[in-house]
Amino acid sequence: MRILVAGATGVVGHPLVGALRARGHQVSALVREESRARAPEADALVVADALDRDALLAAMEGVRPDVVVHQLSALRLLRDDPPEAFARTARLRTKGTANLIAAARAAGARRLVAQSIAFAAAPTGEAVVDESAPLYVDAPDPGWAATVRAVADLESQVLDSSPELSGLVLRYGTLYGPGTAYARTGGGTAERVLAGKLPLPEGGAGITSFLHVEDAVGAAVAAVESSGATGALHITDDEPAPAAQWLPHYADALGAPPPRTIPAAMAPRLLGWFMAHQLTSASGASNALARTALGWKPVRPSWRDGLGQE
């Protein structure tokens, strides 16, 4: 098939281009001019900004893909400018998605596969939730509420795009592996743990569903090649884990000191709202539907198999 990967310089997008080409597909990589030097080897390099509708329409018309894969984000900016990273990512999820859908339709694409996140569910009291759980669009933190509303907008656009453009949303778990925040080398979360700056709130009851980058790529390949799967699917490993389990394990794997314990009430002030939420009250995500709908399963079924490694 002819496939266009938007966001081809990202943590998932870059290896995805190679994985799709290895399976015999003709792959075009969509990148911005500023990111051209980081572009993966592809059958065609398409240079356009997804926030520039006219440029994107012209660029996609030139390659006329059968399938468009939406891996757009600006999270690479997190280290240097977190507010801009989240703001630009929100624009890519809203305006960028609208532009991508318009260009895909105009170019005659028949399928759109888009990345989302599996940790945007509102707290329900359940340790692990499925895809029917409501999203946390009214979170008390304005920044996280805006992020989740952008996610909800992306999913709605993709799944309601049109009968001619079949939409599938992959809700990735918390990514670990090369290039992620959890990578031993260069990962922001790894650096905090190594410095003893990521304490464990008492109880550590928040659940995280992890996903190795390799498994995110594998799920995206399965989604591209699936003819019938639609809707939103949780793409996570098989072992949703409370912070009380994974954070000490992660510290040990990094050779870091064990995380100190702090009162849960102090967590938002010391860690920020989102990290406190993740460690104290977040729900994990079940991958059961993805296994059935895509015939996919993680090669790394547990975060224990690689969290803290490269």
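The analysis underlying the following values was restricted to heavy atoms, covering all of them including side chains, and did not include hydrogens, waters or symmetry mates.
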> Can you tell me how far the NZ atom of K95 sits from the CG atom of L154, to the nearest 0.5 Å?
Replying inline: 15.5 Å
> Out of curiosity, M275 CE to L270 CG, how far, rounded to the nearest 0.5 Å?
Replying inline: 12.5 Å
> Is there side-chain contact between S226 and L294, with at least one heavy-atom pair below 4.5 Å?
Replying inline: yes
> So do L271 and L279 actually touch side chain to side chain, heavy atoms under 4.5 Å?
Replying inline: yes
> Going by distance alone, is a donor N or O of one side chain under 3.5 Å from an acceptor N or O of the other, for E155 and S116?
Replying inline: yes
> Does a side-chain heavy-atom distance below 4.5 Å link P298 with D238?
Replying inline: yes
> Does the R184 side chain pair with the main chain of A253, one donor and one acceptor, at a distance under 3.5 Å?
Replying inline: yes
>> Could you tell me if the side chain of L165 sits less than 4.5 Å from the side chain of R110, heavy atoms only?
In response: no
>> Looking at every heavy atom in both V17 and A8, which two are closest together, and how far apart are they?
In response: CG2-CB, 4.0 Å
>> For L45 and V31: C-alpha separation, side-chain torsions, deciding distance, then whether side-chain contact (heavy atoms from CB on, under 4.5 Å) applies.
In response: CA-CA 7 Å; L45 188 63; V31 301; 3.7 Å; yes
> Which is it for R111 and S166 under the side-chain hydrogen bond (donor to acceptor under 3.5 Å, both in side chains) test, yes or no, and what are the steps along the way?
Replying inline: CA-CA 5 Å; R111 188 156 178 78; S166 172; 3.0 Å; yes
>> Checking S209 against H234: is there a side-chain donor and acceptor pair closer than 3.5 Å?
In response: no
>> If you define the side chain from C-beta out and look only at heavy atoms, does anything of R149 sit under 4.5 Å from L135?
In response: no
>> Taking ring-ring contact (aromatic ring centres under 6.0 Å, His included) as the definition, give me every residue that meets it alongside H25, ordered by chain and number, with sequence neighbours left out.
In response: none
> Shortest non-hydrogen contact from P123 to S281?
Replying inline: CB-O, 4.3 Å
>> By the definition side-chain hydrogen bond (donor to acceptor under 3.5 Å, both in side chains), identify the one residue from R21, Q26, R2 that meets it with D43.
In response: R21
> Of L30, V46, N99, V68, which is the lone residue that meets side chain to side chain contact (heavy atoms under 4.5 Å, CB included) with M60?
Replying inline: V68
> If you look at every heavy atom in A243 and P248, which pair is closest and at what distance?
Replying inline: O-CD, 3.4 Å
> Using the ring of each side chain (for Trp, its six-membered ring), is H277 parallel, tilted or perpendicular to F274, with breaks at 30° and 60°?
Replying inline: tilted
> How many angstroms lie between atom CD of E239 and atom CG of D305, to the nearest 0.5 angstrom?
Replying inline: 8.5 Å
>> Is it true that, when you exclude E41 itself, more than 12 heavy atoms of the residues, nucleotides or ligands shown sit nearer than 6.0 Å to its CD?
In response: no
> Under 3.5 Å, is there a donor-acceptor pair between the side chain of D215 and the main chain of V299?
Replying inline: yes
> Okay, side chain of N287, backbone of A290: is any donor-acceptor separation there less than 3.5 Å?
Replying inline: no
>> Tell me if the aromatic rings of W303 and H212 count as close, with their centers under 6.0 Å from one another.
In response: no
>> Are the side chains of D66 and I3 in contact, using a 4.5 Å heavy-atom criterion?
In response: no
> Where the side chain of H70 meets the backbone of L72, is there a donor-acceptor pair that is under 3.5 Å apart?
Replying inline: yes
>> Apply side-chain contact (heavy atoms from CB on, under 4.5 Å) to residues L20 and V221 and explain how you reach the verdict.
In response: CA-CA 7 Å; L20 289 167; V221 170; 4.0 Å; yes
> Between L170 and V113, what is the shortest heavy-atom contact and its length?
Replying inline: CD1-CG1, 3.8 Å
>> Quiz question: by atom type and distance under 3.5 Å, do the side chains of Q115 and R93 form a donor-acceptor pair?
In response: no
>> Students often mix this up, so state it plainly: with edges at 30° and 60°, are the rings of Y182 and F210 parallel, tilted or perpendicular?
In response: perpendicular
> Given V151 and I117, is the side-chain contact (heavy atoms from CB on, under 4.5 Å) satisfied, shown in steps?
Replying inline: CA-CA 8 Å; V151 166; I117 53 177; 3.9 Å; yes
>> Are the side chains of L200 and I262 in contact, using a 4.5 Å heavy-atom criterion?
In response: no
> How long is the gap from OH on Y176 to CD on Q309, to the nearest 0.5 Å?
Replying inline: 8.5 Å
>> Testing the basics here: between W273 and A139, what is the closest heavy-atom pair and its distance to 0.1 Å?
In response: CH2-CB, 4.1 Å
>> One pair to check against side-chain contact (heavy atoms from CB on, under 4.5 Å): L112 and L168. What are the steps and the verdict?
In response: CA-CA 6 Å; L112 175 63; L168 178 62; over 6 Å; no
>> Salt bridge or not between R300 and E214? Use side-chain N to carboxylate O under 4.0 Å.
In response: yes
> Side-chain donor-acceptor pair under 3.5 Å between Y172 and Q71, yes or no?
Replying inline: yes
> Just checking, is any N or O donor in the side chain of R192 or T189 under 3.5 Å from an acceptor N or O on the other one?
Replying inline: no
> Got L247 and L198 here, is their nearest side-chain heavy-atom distance under 4.5 Å?
Replying inline: yes
> Do any N or O atoms from the side chain of T180 and from the backbone of G177 form a donor-acceptor pair under 3.5 angstrom?
Replying inline: yes
> Which heavy atom of V128 sits nearest a heavy atom of S286, and at what distance?
Replying inline: CG1-N, 3.5 Å
>> Go through it in stages, so that I can follow the logic: the residues are D49 and R88, the test is salt bridge (Lys or Arg N to Asp or Glu O under 4.0 Å), and I'd like the CA-CA distance, side-chain angles, deciding distance and then a yes or no.
In response: CA-CA 12 Å; D49 189 330; R88 184 175 177 85; 3.4 Å; yes
> Judged by atom type as modelled, is there a donor-acceptor pair below 3.5 Å linking the side chain of T94 to the main-chain atoms of A150?
Replying inline: no
>> Measuring from atom CG of L289 to atom CG of L233, what distance do you get when rounded to the nearest 0.5 angstrom?
In response: 5.0 Å
